[in-house]
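Note that these values count all heavy atoms, side chains included, but never hydrogens, waters or copies made by symmetry.
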There are 2 protein chains.
Amino acid sequence: MSAKKQPARRKQADRREESRERILDAAEELLAGRGYDGVTMREIGKAAGADTSLVHYYFDNKAGLFNAVIARRAGVVNDAREAALDAYAAAHKGNMTAQGVLRAYLEPTFSFMMSGEPGYLNYGALIAKLNSTAMGGDVDTTHTPFDPVVERLVNLLNEVRPEVSRADLYWYYHFVSGAISLSLAQTGRIDVLSGGLCRSDDFATILDRMVRVLGQGFEALAT
Amino acid sequence: MSAKKQPARRKQADRREESRERILDAAEELLAGRGYDGVTMREIGKAAGADTSLVHYYFDNKAGLFNAVIARRAGVVNDAREAALDAYAAAHKGNMTAQGVLRAYLEPTFSFMMSGEPGYLNYGALIAKLNSTAMGGDVDTTHTPFDPVVERLVNLLNEVRPEVSRADLYWYYHFVSGAISLSLAQTGRIDVLSGGLCRSDDFATILDRMVRVLGQGFEALAT
DNA sequence: CAATTTATTTATTGATCGTTGAATAAATAA
DNA sequence: TTATTTATTCAACGATCAATAAATAAATTG
């Protein structure tokens with residue numbers, strides 16, 4: 001019998017994974033709402049139906065838990081972005097547009113937000129908070145896994161309009177990033193400002209308008 | 001002698017004002033760096049060279065101090081924005097452009113950031129944090145004083161291109177707001193991503209590129 | 001000057017923080 | 001079954017939190 005070790009540990013391994021994820025889900029939701037310093041380990045434990053000690057057992061300390069919350073989804077989102085950019089580049093070799101590249105970059109993110117999984121909504125809000133936090137703290141805000149896909153985005157935009165300077169390409173990404181970030185934050189402020197005309201959770205509309213506005217805006221950088 | 005009460009209270013009133021501002025400055029800097037829950041009253045007091053009790057004496061509690069920090073500059077910035085929009089509208093009656101309106105709206109903010117006063121840099125970073133925080137907490141995140149000037153901006157943009165729907169005007173503001181917010185945050189992330197090509201504190205370049213990119217982007221909404 | 005208001009410090013409260021070590025229960029290994 | 005590893009809970013540590021009441025110092029008033 002070759003399948004001896006795998007099914008043997010099944011029960012306890014599942015238990016472990018289930019507890020870990022329950023804690024991560026609770027932490028994700030609470031951290032999205034009130035941020036790193038606004039949430040206590042006790043709250044997270046209680047929300048997860050686990051003792052505080054168990055949280056420490058699985059994630060060492062608060063910073064470890066935070067980083068685990070980010071790491072759980074960062075890779076998935078990042079891979080989806082990279083795959084979408086690759087697919088677009090392969091399908092439109094020679095006739096790429098700024099709108100096309102931008103849509104390819106944005107679409108995966110907004111798909112996750114519209115997937116119905118509340119975890120991604122919380123994760124988005126948490127990322128938005130992280131994006132307005134200066135680098136170099138307790139917590140890993142470097143987003144190192146995101147760097148290569150940003151580089152890929154910039155390189156594709158460079159292919160679309162080679163006359164745009166490298167610095168301007170990064171500034172352009174900066175503006176795109178700001179618009180994404182505020183959208184993911186889902187503060188409900190645009191809902192109030194617009195008197196209900198716009199809704200923070202209308203990600204389909206946000207994606208469409210963002211592609212149009214910022215796709216068109218890219219042309220302004222081509223001298 | 002008509003000038004009797006005014007100079008009499010001079011000494012103590014100045015003392016009061018000086019202490020208040022010293023505390024506000026310290027709080028502004030610390031809050032900008034680590035946010036509401038990341039900073040303690042003790043830290044703020046120590047940074048201001050005052051006892052914690054004095055902070056409570058002037059601002060009641062932590063939330064009161066936070067709101068006072070925001071309120072100190074919110075009105076100034078807001079008035080400058082409104083004046084700039086009014087001046088532009090008066091000077092370009094009939095021949096307004098999206099770029100012009102946008103520049104008028106953005107220019108005051110970036111002027112404050114470039115003024116050299118570190119207080120405004122901290123205030124900007126604090127506002128950025130606030131902008132990625134959901135409404136309805138301990139603290140006044142409604143930004144009620146900002147609402148009228150946003151309305152004014154939207155109305156001017158409506159004059160530029162009446163065919164753009166009201167909802168799209170607000171979405172456009174949403175993207176502008178996101179780009180501003182990330183710029184004010186000054187996280188240093190664009191510096192790292194661009195390998196030093198861009199600098200978070202280069203507000204003159206940010207303003208210029210933002211006006212061009214988002215000014216051009218507005219045209220995409222005019223069907 | 002004396003009386004009073006205002007600014008600031010000292011000392012302390014009860015609550016809550018992140019974290020830990022030891023005890024216990026459950027599952028796996030032998 | 002017995003021994004051992006793994007998961008979970010219990011109880012507690014010292015530190016630090018926001019806030020307050022009372023005492024003190026300084027300035028203003030009359």
**Asked** So, A:Arg166 versus A:Asn155: side-chain donor-acceptor pair below 3.5 Å or not?
**Response**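 A:Arg166 vs A:Asn155: donor-acceptor pair found between side chains.
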**Prompt:** Do B:Glu29 and B:Tyr123 get their side chains close enough for a donor-acceptor pair, meaning under 3.5 Å?
**Reply:**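 The answer is no; no qualifying pair exists.
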Without decimals, in angstroms, what is the distance between [X] [atom1] and [N] [atom2]?
X: B:Glu17; N: C:dA7; atom1: CD; atom2: P; answer: 11 Å
X: B:Arg22; N: C:dA7; atom1: CZ; atom2: P; answer: 13 Å
X: B:Arg16; N: C:dT6; atom1: CZ; atom2: C1'; answer: 8 Å
X: B:Gln12; N: D:dT29; atom1: CD; atom2: P; answer: 8 Å
X: B:Tyr58; N: C:dT9; atom1: OH; atom2: C1'; answer: 13 Å
X: A:Leu54; N: D:dT8; atom1: CG; atom2: P; answer: 5 Å
X: A:Lys46; N: D:dT9; atom1: NZ; atom2: C1'; answer: 15 Å

**Asked** Is there a Watson-Crick or G-U wobble partner for D:dT9 with both distances under 3.5 Å, and which nucleotide is it?
**Response**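 Here D:dT9 is engaged in a pair, and the nucleotide opposite it is C:dA22.
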**Item:** Nearest atoms (heavy-atom pairs only) where A:Cys198 meets A:Ile190
**Value:**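 In this case the closest contact between A:Cys198 and A:Ile190 is CB-CG1, 3.9 Å.
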**Prompt:** Could you write nucleotides 13-25 of chain C as a row of B, S and -, 5' to 3', where a protein heavy atom under 4.0 Å of any base atom gives B, of only sugar-phosphate atoms gives S, and otherwise -?
**Reply:** ----BBBBB----
**Request:** Check whether any side-chain nitrogen or oxygen of B:Tyr57 sits under 4.0 Å from OP1 or OP2 of C:dA7, and answer yes or no.
**Result:**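 Checking B:Tyr57 against C:dA7: at least one side-chain N or O falls below 4.0 Å of OP1 or OP2.
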**Asked** Does A:Arg15 make a side-chain N or O approach to OP1 or OP2 of D:dA7 shorter than 4.0 Å?
**Response**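 For D:dA7, neither OP1 nor OP2 has a side-chain N or O of A:Arg15 closer than 4.0 Å.
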**Message:** Give me each pair satisfying side-chain hydrogen bond (donor to acceptor under 3.5 Å, both in side chains) with a member in residues 177-187 of chain A, each pair once, sequence neighbours excluded.
**Reply:**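 As it turns out, the side-chain hydrogen bond (donor to acceptor under 3.5 Å, both in side chains) pairs with a partner in residues 177-187 of chain A, which skip direct neighbours, are A:Asn131-A:Ser181, A:Ser183-B:His174.
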**Item:** Distance in Å, A:Asp25 CG paired with A:Glu21 CD, rounded so as to fall on 0.5 Å steps
**Value:**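 Answer rounded to 0.5 Å: 6.5 Å.
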**Request:** Look at the rings of B:Tyr36 and B:Phe66 and say which category their plane angle falls in: under 30° parallel, 30 to 60° tilted, over 60° perpendicular.
**Result:**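 Ring orientation, 0 to 90° scale: perpendicular.
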